[in-house]
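A short write-up of the structure that comes next.
Values in this document were obtained by computation on a predicted structure and should not be read as measured data. For ligands, and for the atoms within them, numbers begin at 1 and follow the listed sequence.
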Amino acid sequence: MHIDALIHTFRLLDIADILIVAVGIYYLYKLLKDTRAVSLLKGLVMLAILNLLSHLLNLYVINWILQQSMTVLLFALPVVFQPELRRALEQLGRSRIFSKAQNINEEEMDMAINEVMAAARVMSREHTGALIVFEREVGLNDFVDTGILMDAVLSRELIKNIFVPSTPLHDGALIIRDGRIRAAGCLLPLTEDRTLSTELGTRHRAAIGLSEQTDAVVVVVSEETGTISYTYGGHIYRHLPEDQIKEALRTFMERPRQTITGMWKWGAKK
Ligand SMILES: Nc1ncnc2c1ncn2[C@@H]1O[C@H](COP(=O)(O)OP(=O)(O)OP(=O)(O)O)[C@@H](O)[C@H]1O
């Protein structure tokens, strides 16, 4: 009887409604996967189950305490999940509707990548530490503002010069926008990931931190080991051959649309 009524009142819009909610839950899961938010969510589910059990078994005091703690937790959630919420909003802002166009063609970007990698090669040999950020679709003005504005033509010589130890701009990151050096000496956010190897100091943690919060690609040269690594999407890619790093940079920078994961890829041309 109930099912009959349900079938008769079911509209096409209800399918869309269910699909949208399902897609929303799927992307929420993808967003929170591998973050500390998952453990918090598990804790919340446990609390909800205990709450239900205490209600069914008429355990009044326990039920009251659990309900009060659920209310407090609900208010605390935006504070605890601040980084994840920020990431979600930033991903939303990266949609095709809002994204900014790259003001540089593939050939110019290829030249920029070649210059960066040539400088990185020399700095790696000489054990000069460096942090080089390629801005993509998420604007990095917040970080540009923490450094010295340059707006200079990018060349391997200038990059090497910037990172010469004890010079005014060597501390911090260099940010590249549209194939030009936008700023140097910039402060990046450090990752809070506690699972990272203790070998990775603040330079590498800053590279990972920025890639967690934005879609930038960051090249890091280690002062200690001379290793060239890159970070993207909160992950660090280390001990790779140089041409593999170059290829990754080309993929990210010259074909940015194809590398944006998930939700916002649907409108891309095949
Ligand atoms: N938040 C930050 N933003 C930008 N640059 C930073 C930040 N924190 C540290 N750095 C840079 O990293 C340098 C310190 O690197 P540190 O030795 O701690 O890191 P590391 O990852 O072990 O790197 P290395 O392998 O080069 O020694 C600083 O002098 C500064 O240039």
Would you give the length of the straight line joining atom CG of D17 to atom CG of L12, rounded to the nearest 0.5 angstrom? 12.5 Å
List every atom of ligand 1 that sits less than 4.0 Å from any heavy atom of L131, numbering the atoms from 1 in the order shown and giving each element. 4 (C), 5 (N)
Could you name the option among T191, V218, D171 that has the heavy atom nearest to atom 31 (O) of ligand 1? D171
Protein heavy atom at shortest distance from atom 26 (O) of ligand 1: E223 N, 2.5 Å
Heavy atoms of I175 and C186 approach each other most closely as CD1-SG, 3.8 Å
To the nearest 0.5 Å, what is the distance between CG on D171 and CD1 on I162? 13.0 Å
Sub-4.0 Å atoms of ligand 1 with respect to non-hydrogen atoms of L190: 1 (N)
Is_contact(atom 12 (O) of ligand 1), protein non-hydrogen, under 4.0 Å: yes
When you compare ligand 1 with G172, is there at least one nitrogen or oxygen pair between them that comes in under 3.5 angstrom? yes
Could you tell me if the ring centre of F252 sits under 6.0 Å from that of Y232? yes
Under 3.5 Å: N/O of G201 near N/O of ligand 1: yes
Under 4.0 Å from any heavy atom of C186, which atoms of ligand 1 are there? 3 (N), 4 (C)
Can you tell me which residue and heavy atom of the protein come closest to atom 14 (C) of ligand 1, and the distance to 0.1 Å? T202 OG1, 3.5 Å
Find out whether L210 and T231 are in side-chain contact, i.e. whether some heavy atom of one side chain is under 4.5 Å from a heavy atom of the other. no
Spatial distance of atom CE (M150) from atom CZ (R182) [nearest 0.5 Å]: 11.5 Å
Ligand 1 versus A206: contacting region, heavy-atom distance under 4.0 Å: side chain
Ignoring hydrogens and angles, tell me if any N or O in the side chain of R177 forms a donor-acceptor pair with the backbone of E135 under 3.5 Å. no
Rounded at 0.5 Å granularity, tell me how far CG in N51 sits from CG in N63. 5.0 Å
Atom CZ in R238, atom CG in L200: separation rounded to 0.5 Å? 4.5 Å
Number the atoms of ligand 1 from 1 as they appear, then name those within less than 4.0 Å of a heavy atom of E224, with their elements. 24 (P), 25 (O), 26 (O), 27 (O)
Heavy atoms, side chains only, cut-off 4.5 Å: are L158 and I181 in contact? yes
Part of P189 within contact of ligand 1 (heavy atoms, under 4.0 Å): neither
Among all the protein's non-hydrogen atoms, which is closest to atom 25 (O) of ligand 1, and how far away is it? S222 OG, 2.5 Å
In a check of salt bridge (Lys or Arg N to Asp or Glu O under 4.0 Å) between E115 and each of K246, K160, R156, which one passes? R156
For atom 21 (O) of ligand 1, grab the closest protein heavy atom and report residue, atom and distance to one decimal in Å. H204 ND1, 2.6 Å
Within the structure, does L188 bring an N/O atom to less than 3.5 angstrom of an N/O atom in ligand 1? yes
Could you check which of R203, R205, E199 puts a non-hydrogen atom nearest to atom 10 (N) of ligand 1? R203
Heavy atoms only, cut-off 4.0 Å: how does V220 contact ligand 1, side chain, backbone, both, or neither? neither
What do you reckon, does T225 have a nitrogen or oxygen under 3.5 Å from a nitrogen or oxygen of ligand 1? no
